[in-house]
There are 2 protein chains.
Amino acid sequence: MSSYVEENYLKAIYKLTERNKDGAYTNDIAYELNVKPGTVTEAIKKLGEKGLINYEKYKAVTLTKAGKMIAVKTIRKHRLWEVFLVEKLGFKWDEIHPMAEELEHINFEELTERLDNFLGHPEFDPHGDPIPNKDGVFSNHKSVKLTSIALNTPVVMTGIENHTTSFLQHLDKLGLKLGVQVAVKEIVDFDKSVLVSVNGKKGFYLSHDIAHNILCK
Amino acid sequence: MSSYVEENYLKAIYKLTERNKDGAYTNDIAYELNVKPGTVTEAIKKLGEKGLINYEKYKAVTLTKAGKMIAVKTIRKHRLWEVFLVEKLGFKWDEIHPMAEELEHINFEELTERLDNFLGHPEFDPHGDPIPNKDGVFSNHKSVKLTSIALNTPVVMTGIENHTTSFLQHLDKLGLKLGVQVAVKEIVDFDKSVLVSVNGKKGFYLSHDIAHNILCK
DNA sequence: TATAATATTTAGGTTTACCTAAATGTATTT
DNA sequence: AAATACATTTAGGTAAACCTAAATATTATA
Ligand SMILES: [Mn+2]
Ligand SMILES: [Mn+2]
Ligand SMILES: [Mn+2]
Ligand SMILES: [Mn+2]
């Protein structure tokens, strides 16, 4: 299996396992990678034989230590390139993901480490997601959803839980970017929408759905 | 045909056609890409159908306008990434080619143009090769081989005609890098080796073979 | 101009990564 | 516990990009 395809399977399994501790299901992997379930069965059997995942027929799969390392290193490359695209080339945070999806498969350790150095060893990517170090260790963020912040308690926006272009662009329009100070002024009883202030200034209402996808500290 | 493979065929044909104006031969393309001649025949037929090359059975192939554009754009990406790797990440000129071979296939026009801008619109790559602009136009260098420079005429080293690691590393060892001033002090009758001075200082002898691969202006 | 040498193509295979659709296994609901 | 729904696997195919080896063209040489 080409490293391109292999890395994408392992990354998908990693992502799904973060949510579902049991492991990743065939159908979910298929959905994540835009392929059909039969294709996934074939692929995960091979990854199992390679010792990269734990595969048992009809069971959810999990990553082995080796598989997890490849997944995490791919995430590291992805996020470092995203930092490069934003910090050095001036792209916006909603434009970078497709490029990083390709760049993450360029495998030269020396390139990754020099890039990391060039960028000043960033700890988080432009979406606030942590960048694992070269040994695969993540620095822990401990952020919480905006929907669980107490009233009138100022916090800093540190991340997001939805990475769609439309969500990112909407946040831009509202001036909600990483680092801004946010405070919840009111929780609307009717629909759980929240009134927020941004950097002290009088703010606006956010739907529960939006607030739920904003992370703060 | 994947853009990765397609770009490599077109690039190889471009390179071979630069030398052999008739076009590129099946066997030469095969050698260039490390594949077997039968594989090339199959590939060039498809590229012909796509309108990227002019293919006639048993004849050398040439690039169409469309094919040439893809080849040149691939070369542009390759050389821009090489500048990045040297200027920004601090790699040496003998380390960068394999990485650029991968990076050149990342196809996002906006990425290429922003990279170009970030690098200050370089005209030449770290090996002295010209970087075509986004319309595929090369700036002309007009350099000549060190073997055809008149005695005691100081010139500037601007390029090389051999890109092997061993050649590059040898030049490094001799202090022969792009931009140095070189003068031919003597041409040895016996073996056509040349005595050169470098940046005014007393120099050393270079075999004809080495001198022949050094370009000056 | 035959013959030999060399280049190119063709024929028949393989592997990878995908597909559809049928078969089978697992889970949920009556 | 059957029946039904849903998930997963299997079976059989395809297309891309490679291979080897045989067949055929072209080119060079005797
Ligand atoms: Mn991303
Ligand atoms: Mn990100
Ligand atoms: Mn190169
Ligand atoms: Mn170069």
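Quick caveat, the model's predicted, so the values are computed rather than measured. Throughout, protein chains are lettered first and strands after them, A, B, ... in sequence-line order, and every chain is numbered starting at 1.
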Rounded to the nearest angstrom, tell me the gap between atom OH in A:Tyr9 and atom C1' in C:dA17. 7 Å
Are any of the side-chain nitrogens in A:Arg76 or A:Glu113 under 4.0 Å away from the carboxylate oxygens of its partner? yes
When the distance from NZ of B:Lys57 to P of D:dT27 is rounded to whole Å, what number comes out? 15 Å
How many angstroms lie between CG in A:Asp22 and OG1 in A:Thr17, if you round to the nearest 0.5 Å? 9.5 Å
Map B:Thr39 and B:Lys46 onto DNA chain D by nearest heavy atom, then report which one ends up closer to the 5' terminus. B:Lys46
Compute the centroid of each ring, for B:His163 and then for B:His97, and state whether the two points are separated by less than 6.0 Å. no
Here the distance between atom P of C:dT14 and atom CD of B:Glu42, to the nearest Å, is 15 Å
Evaluation steps, side chain to side chain donor-acceptor pair (under 3.5 Å), between B:Asp94 and B:Thr165: CA-CA 5 Å; B:Asp94 59 303; B:Thr165 308; 5.9 Å; no
Give the rounded distance in Å between these two atoms: CD of B:Glu7 and P of D:dA17. 12 Å
Would you kindly give the CD1-to-P distance between B:Ile44 and C:dT10, to the nearest whole Å? 10 Å
When the distance from CG of B:Leu47 to P of D:dA17 is rounded to whole Å, what number comes out? 9 Å
Close residues, residues 24-37 of chain B, relative to DNA chain D [heavy-atom separation under 4.0 Å]: B:Asn34, B:Val35, B:Lys36
How about B:Phe84 and A:Phe84: are their ring centroids closer than 6.0 Å? yes
Are A:Lys59 and D:dT8 close enough that a side-chain N or O sits under 4.0 Å from OP1 or OP2? no
B:Glu56 atom CD is separated from C:dT9 atom C1', nearest whole Å, by 15 Å
With the side chain of B:Val5 defined as its heavy atoms from C-beta on, choose the nearest nucleotide among C:dT10, D:dT8, D:dC18. D:dC18
Could you check whether atom CG of B:Asp189 has more than 12 heavy atoms from other residues, nucleotides or ligands sitting under 6.0 Å from it? no
A:Tyr58 side chain: which of C:dT10, D:dT26, D:dT9 is closest? D:dT9
Spacing between B:Lys50 atom NZ and D:dA15 atom P, to the nearest angstrom: 15 Å
Indicate, with a heavy-atom threshold strictly under 4.0 Å, whether B:Tyr55 touches base, sugar-phosphate, or nothing. sugar-phosphate
Just wondering, more than 12 heavy atoms not from A:Glu18 lying within 6.0 Å of its CD? yes
So which nucleotide from C:dT10, D:dA17, D:dT9 ends up closest to the side chain of B:Ser2? D:dA17
